[in-house]
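First comes the structure, then the notes that go with it.
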Amino acid sequence: MLYQLTVFSFLAFGAVHATADCNAIPTSLWCSNKEIESQCGFTAQCDKHRAAVHNQKINITVLIESLCPDCQNFITKQLYPVIFKNFADYVNIELIPFGNAKVLEDGSIKCQHGEEECSINKFEGCFIDSMQDQSPLPTLACIEESLQKKVEFADAVQQCFEKLQIGGDIQRLTQSCLVSKLGADLQTKAAAATNNVWPEQHKFVPWIVVNGVSLTSLQGFQNEIPTLLCEWYSGDKPIPFCEAALKLKYKKASVRFF
Ligand SMILES: *[C@@H]1O[C@H](CO)[C@@H](O)[C@H](O)[C@H]1NC(C)=O
């Protein structure tokens with residue numbers, strides 16, 4: 001009876017409904033619903049935000065170095081199989097192979113995992129550059145996976161180039177980059193890009209930068225990037241991965257009732 005009364009009074013006074021304390025709404029939810037926006041006065045800012053991000057790919061920049069085990073794990077278990085394969089139409093993935101390396105006073109580079117890492121970083125920089133508009137990620141993930149399995153680098157490259165059908169033109173471009181000034185210049189550029197992340201410097205690798213923003217707090221979510229992308233992306237076309245995740249939730253929830 002009491003319940004019915006409540007329902008009745010709710011219907012009778014349409015304006016009587018719960019309102020949240022706007023100051024207490026998590027900021028990531030401010031633009032998630034029109035009613036929140038208008039009640040809390042977020043509309044103007046949310047409209048600006050939407051205009052800036054709507055149908056825009058999200059840029060994910062990853063600072064890596066070629067022989068760091070955590071980087072290899074991230075690339076072979078998250079970045080390529082989960083993020084690239086499910087979100088390719090919604091993200092730009094950029095790899096910057098330099099990581100914790102240091103440019104010494106004489107201009108030479110010292111890498112965390114030694115000389116071999118420096119030469120593989122340089123190779124990766126050259127390969128990324130040579131691929132131009134094509135994503136280097138499938139090939140680099142293949143190479144990193146082989147390196148994890150202790151395959152010799154040269155063999156890994158040969159096998160992965162074959163597997164991913166990397167054409168002779170790209171192989172030649174990569175090779176000439178490696179032996180020319182371009183290879184060194186690309187490493188210098190990678191060093192600058194790594195050291196200039198904003199607003200917080202990288203403290204370890206892999207390190208993720210999203211739409212130009214580098215935050216330590218974000219790094220705890222490296223394995224939850226799909227969830228964040230579902231939350232952040234705004235576009236006319238919903239992301240199938242996110243829809244499927246939600247459908248699965250509904251399905252699981254309804255099982256409890258029947
Ligand atoms: C993403 O990267 C592209 C290419 O570098 C750039 O033009 C664009 O402005 C970036 N978007 C954001 C939101 O940072």
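Start at 1 and go down the list; that is how both ligands and their atoms are numbered.
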With heavy-atom distances below 4.5 Å as the criterion, would you say the side chains of T188 and F98 are in contact? no

Below 4.0 angstrom, N of the basic side chain to O of the carboxylate: do R50 and D47 qualify? yes

Closer than 4.0 Å: a protein non-hydrogen atom to atom 9 (O) of ligand 1: no

Does atom 4 (C) of ligand 1 have a protein non-hydrogen atom under 4.0 Å from it? no

Element-labelled atoms of ligand 1 that are located less than 4.0 Å from some non-hydrogen atom of N59: 1 (C), 2 (O), 3 (C), 8 (C), 10 (C), 11 (N), 12 (C), 14 (O)

What I want to find out is whether E243 reaches K247 closely enough, with some N-O distance under 4.0 Å, to be called a salt bridge. no

Is it the case that the ring center of F241 lies less than 6.0 angstrom away from the ring center of Y90? no

